[in-house]
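In what follows, every chain begins at residue 1, and chains take the letters A, B, ... in the order their sequences are listed.
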Number of protein chains: 2
Amino acid sequence: MAAVNLKQLAKILNLSISTVSKALRDSHEIGDATKERVLAKAKEMDYTPNPFASGLRRNKSKTIAVVVPEVANNYFSLVINGIERIAQENDYHVLIYLTHEDFEKEKGIMKHLENKRVDGILMSVTMNTKNQSHLSDFQQKGIPIVFFDRICHEIETAKITTDDYISGMNATNHLIENNCKDIAFLSLGDDISIMQKRKSGYLEELHKNNMEAKPERVIKCGNDDEMNYQLVKKLLTGKNKPDGIFASVEKLAIITYQVCRELNINISKDLKVICFSNLETASLLSPSLSTITQPAYNIGKTAAEVMFKYLDKNKTYIPNENIVLQSTLHIRESSQQIV
Amino acid sequence: MAAVNLKQLAKILNLSISTVSKALRDSHEIGDATKERVLAKAKEMDYTPNPFASGLRRNKSKTIAVVVPEVANNYFSLVINGIERIAQENDYHVLIYLTHEDFEKEKGIMKHLENKRVDGILMSVTMNTKNQSHLSDFQQKGIPIVFFDRICHEIETAKITTDDYISGMNATNHLIENNCKDIAFLSLGDDISIMQKRKSGYLEELHKNNMEAKPERVIKCGNDDEMNYQLVKKLLTGKNKPDGIFASVEKLAIITYQVCRELNINISKDLKVICFSNLETASLLSPSLSTITQPAYNIGKTAAEVMFKYLDKNKTYIPNENIVLQSTLHIRESSQQIV
DNA sequence: AATATTTACGCAAACGATGTAGTAATTTTA
DNA sequence: TAAAATTACTACATCGTTTGCGTAAATATT
């Protein structure tokens, strides 16, 4: 009934606890015959070591934490997929924590992770993360953090990102090539790393094409979708509206579609739209949505691989390293000039 | 640097370890003045109890596991959202395990969970789960399982489902009312509970309307999307094709859309489509997709609440209980008769 | 005032696994 | 053949908390 432990196993085998323990860990101190006997009995009794006992003793949890803003989101769920895959391969367990873009919640979650519950943390900070004081102690406490996508520059560690600046330029350039004269950028917050890069790419490309970068064309959206809807609606109401929208995240493009439906704006003809997105159904939308697609699964996979590279060596300190993966541009109808 | 522990805290406070421990747990054995002193110092030193030590001692992990087929899926990610919310409220941690619809992987994961790493398990079995031998021991080992959606009838515990039978009838009836004479049902596997119920609803409704239930109209799809694509393509090729499709899961509807695009079949006019789905963009597809939408977030929330109801009382045995939540039918263009 | 009770704390034994140090018995080496 | 080395095991301390029990002092009861 209750799980069998080393003591019981040892008694049955008429061996000491340490012998059994060592036999199971294939120590050279134990004879082959004994090892076999122990292994067989352990299997028969369905013995599995108590993770708390070994965790306590060895100061290893065999667990990593993933801290992300959301999971009901194509991007993050693909990342988690990649992480979980690598974790399973390394016999690690994955704890999930959702911040819901709430800085305070993020701080609370990190507080929970301070005590070696996990061997490492993979995270993407919230859009509202203003400072890194809640993150800076982890490395020296022996808990490495690897950031992906929404990184924290100030912390010295590995960071997995995509070529957001280039992608921002490419997306903007694509809209310009399709005759957009007045492109709005829908941002998410303002403080986070990726937004700054995507926006910089957008601004740079405008500049390169001698187009004016009007501050009011950069819309700071937030976590409240109703408010975002109103912001986009306001943007697209009246006669002084943009003819192109570059949405920095998927949900803002979806909102744009919804607003256009309400306002009867013809996407593709009256308004070109492109966005960062991992939406599976992008090509089935009406019109199909042009996207910059991040290699989400690989981002997760890479972040986990980097983490395990250090955990395997028992190195808790990860030096600064910037790994940049490439996003791909998928041109579809929403951004195309009708011919 | 290293996290402070009880021993160090006790030494600084000039108290015994047990006094400090009891003070922190607000034991009545400790005087108020001492309590305050301990609490203050603990806060100052940023003390947090070692989860492995207390886990070992108290045989409580403060962790639940969520075992699901996928996470890159709107349904499951919403469920996880609901679960995580309740877990955070109860100061619990959430481990995620993905089976990728692989029965062997599911067995392996369950093997990992046998040793009280978690206090409870919330799960939806794979489409290929043939038997429950890997699940049946958990309850008596003191690890309760709560099933949601893809339940395991044979295990006595709480099960959260939706009204799949009724929904299957409603969806079918809706297609019939919209003039479908020949409706195909796209199933996922054949063994799992929800598929049987959805299919039963479909068959019952056909029967009620004196329509023939042709066995070849029930398509058994699987985990391989390329193969699913071919199955649907075959179904929709040639002249003897159905005029309605009832897809039992979201991804099969998406595949149907893709096939129709390739074969130039006009959904809504030539073929009516409806499916179970939590797709956020259902209304933005072309044509907009009619769905039966499960209350995914609430399913997760409910499953977690039931689990904690028992965990709180230290009851590891959960009696049989069927909680049925209602799905909602969202009629959109894909299933509508054009007027 | 003698006894009973309560208060406030400390001691020490768990929890289960690990790993160092120790020890007989056997084998190798000089 | 005596010393050294190896083999195959066991004993025991340890990881950090929790908790039952013990106990001295303070307080309450008769």
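OP1 and OP2 of C/dA17 both lie 4.0 Å or more from every side-chain N or O belonging to A/Asn50. Side-chain N/O atoms of B/Thr34 include one lying less than 4.0 angstrom from OP1 or OP2 on C/dC9. Residue A/Tyr47 places at least one side-chain N or O closer than 4.0 Å to OP1 or OP2 of C/dA17. Checking the phosphate oxygens (OP1, OP2) of C/dA14, no side-chain nitrogen or oxygen of B/Arg58 falls inside 4.0 Å. A close approach under 4.0 Å does not occur between any side-chain nitrogen or oxygen of B/Ser54 and OP1 or OP2 of D/dT17.
Remark: the A/Thr129 side chain and the A/Thr126 side chain contain an N/O donor-acceptor pair separated by less than 3.5 Å. Between A/Thr48 and B/Glu114, the side chains place no donor N or O within less than 3.5 Å of an acceptor N or O (distance only, hydrogens not considered).
Here the P atom of nucleotide C/dA8 and the NZ atom of B/Lys35 are 9 Å apart, to the nearest Å. The distance from atom NZ of A/Lys7 to atom C1' of C/dA14 is 9 Å, rounded to the nearest whole Å. Residue A/Gln8 contributes atom CD, which lies 13 Å from atom C1' of C/dA17 at whole-angstrom precision. Between B/Leu56 atom CG and C/dA13 atom P the separation is 17 Å, expressed in whole Å. Atom P of nucleotide D/dG16 and atom CG of A/Asn59 are separated by 8 Å, given to the nearest angstrom. Separating the CD1 atom of A/Ile17 from the P atom of C/dC15 is a distance of 10 Å, rounded to the nearest angstrom. One atom, NZ of B/Lys116, and another, P of C/dG16, lie 12 Å apart when rounded to the nearest Å. The NZ atom of A/Lys11 sits 15 Å away from the P atom of D/dT10 (whole-angstrom rounding).
In this structure, B/His134 and B/Glu106 have side chains that are in contact, with non-hydrogen atoms separated by less than 4.5 Å.
Across all strands, A/Leu15 comes closer than 4.0 Å only to sugar-phosphate atoms, never to a base (heavy-atom distances).
Remark: the B/Ser18 side chain and the C/dC11 base include a donor-acceptor N/O pair separated by less than 3.5 Å.
Both tests do not hold together for B/Lys43 against B/Tyr47: distance to the six-membered ring centre under 6.0 Å, angle to the ring axis within 45°.
Of the two residues near DNA chain C, B/Asn14 and B/Ala53, the one whose nearest nucleotide lies more 5' is B/Asn14. Along DNA chain C, the nucleotide nearest A/Thr48 and the nucleotide nearest B/Asp32 are compared for position; the residue whose nucleotide lies closer to the 5' end is B/Asp32.
A donor-acceptor pair under 3.5 Å is formed between the side chain of A/Asp119 and the backbone N or O of A/Ser61.
Residue B/Ile192 holds its CD1 atom at 10.5 Å from NE2 of B/His153, rounded to the nearest 0.5 Å.
Within residues 21-29 of chain A, the residues having any heavy atom under 4.0 Å from DNA chain C are, by residue number, A/Ser21, A/Lys22, A/Arg25, A/Glu29.
Smallest separation of non-hydrogen atoms from A/Asn81 and B/Glu70: ND2-OE1, 4.3 Å.
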